[in-house]
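If you read the sequence from its start, that first residue is 1, and numbering goes on from there.
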Amino acid sequence: MGGMKYGYARVSTDDQSPALQLAALKRAGCKPFSKTRGFREPRSSALPLPSCLKTLQEGDTLTVWKLDRLGRSLRDLIAMLDDLRARGVKFRSLTEAIDTETPTGRAMWQMIGVLAELERSLISERTRAGVKDASAGA
């Protein structure tokens, strides 16, 4: 079962027009999430996982124009990609040429996972060091 190909666009304060993103997503054969919502989540949305992305099902493909359109920070991006992978949703970024349907794309996806693990380890180490310093100062 192939699933649906959905496009997702988000604008930020320094990129007010989604026209370039929307045109690229349409050329890639993506469908909007719904007729009323189009491809985009409202700019004011600060949810860690945009509500429309929660409707994606196993076998669907999520396409973005660029990775930074999906998350506001590396931590947000990694959390979203982990969630999509766990649900069996494929992922594609047009600008970075990441496509989990290809061996290279899967390798890039795994590299993001490695970076996520490194970030979690570094945070854990800093937390332990902070607790140790606080204990020593008490």
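For Ala28 against Leu94, the heavy-atom pair with the smallest separation is CB-CD2, 4.0 Å. Among all heavy-atom pairs drawn from Cys30 and Gly7, the shortest one is CB-N, 3.5 Å. Minimum heavy-atom separation, Ala24 to Trp65: CB-CD1, 3.7 Å.
A donor-acceptor contact shorter than 3.5 Å links the side chain of Arg87 to the backbone of Leu56. Without hydrogens or angle criteria, Asp99 side chain to Arg92 main chain gives no donor-acceptor distance under 3.5 Å.
In this structure, OG1 on Thr61 lies 10.0 Å from CE on Met4, to the nearest 0.5 angstrom. From Leu67, atom CG reaches atom CG of Leu81 across 7.0 Å, with rounding to the nearest 0.5 Å. Rounding to the nearest 0.5 Å places OG of Ser121 at 6.5 Å from CD of Glu125.
Listed by chain and residue number, Lys90 satisfy the salt bridge (charged side-chain N to carboxylate O under 4.0 Å, His left out) test with Glu101 (two or more places apart in sequence, or in another chain). Residues forming a side chain to side chain contact (heavy atoms under 4.5 Å, CB included) with Ala107 (at least two apart in sequence, or on another chain): none. For Thr63, there are no side chain to side chain donor-acceptor pair (under 3.5 Å) partners, not counting sequence neighbours. Taking Glu119 as the reference, Arg75, Ile78, Ile123 meet the side chain to side chain contact (heavy atoms under 4.5 Å, CB included) condition, with sequence neighbours excluded.
Counting heavy atoms from C-beta on, the side chains of Tyr8 and Leu25 never come closer than 4.5 Å.
Summarising the hydrophobic clusters (Ile, Leu, Val, Met, Phe, Trp, Tyr; side-chain heavy atoms under 4.5 Å, direct or chained), the residues clustered with Leu122 are Leu118. Applying the 4.5 Å side-chain rule to ILVMFWY residues, one finds that Leu115 remains a lone member of its cluster.
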